[in-house]
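Heads up, the thing below is written out as structure tokens.
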Amino acid sequence: MFCTLDELVARIPDGASVALPPDYSGCAMAAVRGLMARRARGLHLIGVPQMGFQGDMLIGAGCVDTVETAAVTLGEFGLAPRFSAAVRGGDVRVLDATCPALHAALQAAEKGIPFMPLRGIVGSDLLAARPDWKVVDNPFGADDPLVLLPAIQPDVALFHARVADREGNVWVGVRRELMLAAHAARDTFVTVERIQDARLLDDEAMAAGTLPALYVSGIAEVPEGAWPVGLAGCYEADRAALREYAEQAATDEGFVEWMRHHVTEVAAA
Amino acid sequence: MFCTLDELVARIPDGASVALPPDYSGCAMAAVRGLMARRARGLHLIGVPQMGFQGDMLIGAGCVDTVETAAVTLGEFGLAPRFSAAVRGGDVRVLDATCPALHAALQAAEKGIPFMPLRGIVGSDLLAARPDWKVVDNPFGADDPLVLLPAIQPDVALFHARVADREGNVWVGVRRELMLAAHAARDTFVTVERIQDARLLDDEAMAAGTLPALYVSGIAEVPEGAWPVGLAGCYEADRAALREYAEQAATDEGFVEWMRHHVTEVAAA
Amino acid sequence: MSDVRVEELLIAAIAARLQGLRHVAVGASSPIPGAAALLARALSGGRLRVSILGSRTHTCFTDGGRELFDCAAQGRMDAFFLGGAQIDGHANINLTAIGGYPRSRVRFPGAFGSSYLYFLVPNVFLFTLAHTPRVLVPKVDFITSPGVSAPNVYRPGGPRALFTNRCVFAFDRELGRFALDSVHPGESAASVRENTGFAYREPDTVPVTPTPGARELALVRGPVADAVAEVYPDFAARVFSSADAA
Amino acid sequence: MSDVRVEELLIAAIAARLQGLRHVAVGASSPIPGAAALLARALSGGRLRVSILGSRTHTCFTDGGRELFDCAAQGRMDAFFLGGAQIDGHANINLTAIGGYPRSRVRFPGAFGSSYLYFLVPNVFLFTLAHTPRVLVPKVDFITSPGVSAPNVYRPGGPRALFTNRCVFAFDRELGRFALDSVHPGESAASVRENTGFAYREPDTVPVTPTPGARELALVRGPVADAVAEVYPDFAARVFSSADAA
């Protein structure tokens, strides 16, 4: 259960499908840099339901074969430059979705059902590009087209959280998309700011926002593990570092430079 | 939003479908006695996913037309006597379900989808008795029968909780079937032990277990509102009172006597 | 055997079947399976995860009533226990009603989660302390949850065994029927036959259900009894407080 | 008008459309709609519920990322705002890509929740500060979310209006096209026509978008600006701190 950051990263195999949350949720940025440093290959990223810097970084580092998401965005720092470049170059396969479709498909995996119906989407060009999505006539209606989304069971859910206890329970608070991803995924790997002695499930307020250890395969204690995107309630985003990334990643050379400085040299140190 | 117990009970119309939780979750027992005292009629009870004393009491008082549930049980106090008698006499329509089917059908209403697929159930006599449930061939498989459950949108969700704040947010903690029922229902009425000044959503631990006021139509402050079944973390079940009910409700006359003592005379007092 | 109660025998016999599993869940009103799960947990050195519904200490669920069922569907639950007002020779169970449906002469609480968990949990153990021809019947009045399914039905789970106050039956999923596995001390192949309403296979020699060893008994009467007392106070008071006198 | 910025004009114009609603949600990167929602809330005496995604104070959601969408499907969300890298005359929006798909010359972040919320939320307001023929196009390159649907498609929601830096278009759902509703001070029917790539109906007389009244302006520059500063600090610094000098 408990391991070092390196051990945790090593347990995410090349080719795995990996569910990743948005920047505002809980991003295991240190683990993502670990995947980049080890030159992970062939990952299938799944946005829960969209992804930010970590998605762009992994794509830029050549770790990603497919990205299945409602968006890749740097938010106020602009378009995701490595994602855009990879799409332009045909270097990454994009399975475009919409936020609730990803939530619903993960819920289907959570419930062990083969698919989930969802309203909306009909008439969007998204549908034409997703032969894995079906449109059927609602069996409880008549002439009522309805989209069916196949379940998404990620091999791995990877995120960062504030605290875990010695049993391996992890507090996610209101960020329940993390709990959903963990329920849906085969294995969940979590980096946390700290590991506490007090049992989370013994505190009835904390228990309500706790992911039980039952779903957790590995935990590494990584203080500031969400740097630079930040962790709500713990520390803010490092806006200077995010801006630096956005600027450098705008070009191929700039990204290589950024990666040398923030990933390769750090890993070698 | 905030009202007296009587006002809250008055807002649940005869004929409404009412979602009720099990004894161990959070039961608005005082409100249920209010429904009995006013001689509510034609209710369609929905177990979330099963119900205990409150279901048996409402059935005994003649308030119930239909009960849709995975079980009606007095737990260690035995079979639900008024439920059994009503079934024997053909006085109540029972839509027998199984726990996860009710959760899934409520989730369908929560998601605004017409149905939810579910594994299991195929081959159970439950299915033969539920023409509203469909068995289809999994559109993502082949020769793979799968049950589809139509969404259940209760008119009302009714439960008891520990605390609400002045905005009408309600803390349910780990009892998220209450949150699901509230999301699924048109109107949610809650009795609470107390109303606090501090905003629940401002406390990030409490926020994780809080039902937002957005879903809540009415709140009444009713200390010991879950008596006699109890409220986890607040007060235990009153086992003597529960045993008294189980014994008296075993006969028609005994139930009338129990109701006179615990409902009619109390309401008149 | 005179100082071992049948409850203790069953607790040890069930616990033996739980060895090597990762996660066992038990319903709120199943004290013997609950005690067996806690014994198996103690014997596993704490590796076996036990979820006892209705317990505050022995449950980890934080996503409401649905989580148990979702967890089973995800393949994260290895064993569960089910009872039955009637159980037949194909392991069909009836938790619904006897004597007509929907208007029934005798009405039971209902299916609870059985019509789902019976399909999804790999090792379902049936359990009854009323081993009589009225409970173990040729054919249940109402199939709340079927013991076997057609080959095209998605069914990673199903029955493994039936534990009663007289014996243990193993369930053969290929054949869709029970075989007598062992009889408890004081019972015999004949006494079981006489009290069972359904047909089952009977080996030439029927073993006796093993009496719990000293280690098991010490655990059952010590830490397991303490834990059971929290969840099932009435049961603990009845069984364990008088165990020495039995 | 010289002392009213176009942002303030838009905030007031949008807020006017939100009166009488119960619940408005706004995306994390939509400061003008966010400010409009907060103004409408102030004008409603606090009755209008505002959910600003990404804000800690102005959001009540506690069930993870899916809750916003479930809430919309339940009919508990009356209005939402969407932008578009391209918007066409049928109110189709493109948030995905320009110049080929899946291999695209210009790639945008993606659909986010638009392909769903556009169908479910009764009042969707489109918004752009780039009113040019390159953004308001005859036909979007990629329909991320369609403006209108066939009659058999479940669609309680859809577009109501398009707010730009030049004008307000109303959307007629029956006709499936826009009509010019008002032009902002300094613009004209001609300047709008010149900068719009799609066809739309134009009335004989085009009103001017009303300038916010004193009460609205005081609220926008006072309590609304304070609240906006928490959620959209850069925007607040740019617009409100220099409002007097504009």
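On a predicted model such as this, the values are computed, not experimentally measured, just so you know. Each chain gets a letter, A, B and so on, in the order its sequence line appears, and its residues count up from 1.
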Exercise for review: Flag the pair C/Thr62 / A/Asn169 as yes when at least one side-chain heavy-atom distance between them is below 4.5 Å, and no otherwise.
Suggested key: no

Review point. Hey, are the side chains of A/Gln153 and C/Gln74 touching, using non-hydrogen atoms and a 4.5 Å cut-off?
Key: no

Review point. For A/Arg186, is it the side chain, the backbone, both or neither that has a heavy atom under 4.5 Å from a heavy atom of chain C?
Key: backbone

Check your understanding: Contact part of A/Ala185 toward chain C, heavy-atom cut-off under 4.5 Å: side chain, backbone, both or neither?
Key -> backbone

Distance, nearest 0.5 Å, that separates [atom1] of [X] from [atom2] of [Y]:
X        : Y        : atom1 : atom2 : result
C/Cys60  : A/Leu211 : SG    : CG    : 9.0 Å
C/Asp63  : A/Thr210 : CG    : OG1   : 12.0 Å
A/Leu214 : C/Cys71  : CG    : SG    : 4.5 Å

Point to revise | Toward chain A, the part of C/Arg76 with a non-hydrogen atom under 4.5 Å | key: both

Exercise for review: Please flag which part of C/Arg66 lies under 4.5 Å from any non-hydrogen atom of chain A: side chain, backbone, both or neither.
Suggested key: side chain

Study note, to complete from the structure: Sequence neighbours excluded, the answer for side-chain hydrogen bond (donor to acceptor under 3.5 Å, both in side chains) partners of C/His90 is none

Review point. Could you name the residues of residues 104-111 of chain A that have a heavy atom within less than 4.5 Å of a heavy atom in chain C?
Key: A/Ala109, A/Glu110, A/Lys111

Practice item. Output the option from A/Gly112, A/Pro212, A/Ala207 having the highest count of non-hydrogen pairs under 4.5 Å with chain C. Key: A/Pro212

